Amino acid sequence: MDKSKVIAAYRRGFLTVRECGQLLGIEELQLQSLLQLEESKMTLPPSNRRIGG
C-alpha cells in the first residue's frame with residue numbers, strides 16, 4: 001500500500017496511530033516524525049515558483 005494513502009487514512013480517522021505504524025512497518029516515534037515531515041511538505045510552497053518576479 002502506498003505510504004501517502006496510509007497516512008491519509010490515518011488523518012481521516014480510519015486508522016489508529018498504532019495501525020498506521022504497523023502498515024508502514026515503523027515505530028510510533030518514527031511515525032510522528034514522518035507525519036510532521038508530510039505536514040511540512042503540504043504547507044510549503046513549491047520550490048520551483050518564483051516570488052516577486
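As the structure is a prediction and not an experimental result, all values here were calculated from the model.
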Just list the side-chain donor-acceptor pairs under 3.5 Å for residues 22-37, sequence neighbours left out, or say none.
| residue | atom | partner | partner atom | Å |
| --- | --- | --- | --- | --- |
| Q30 | OE1 | E27 | N | 2.9 |
| S33 | OG | L29 | O | 3.3 |

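Judged as a side-chain contact (heavy atoms from CB on, under 4.5 Å), and not counting sequence neighbours, the contacts of T16 are R18, E19. Applying the side-chain contact (heavy atoms from CB on, under 4.5 Å) rule to A8 yields the partners R12; only residues at least two apart in sequence or on another chain are considered.
When every heavy atom of L15 is checked against every heavy atom of Y10, the shortest pair comes out as O-CD1, 3.5 Å. Nearest approach of C20 to V6, heavy atoms of both residues: SG-CG1, 3.6 Å.
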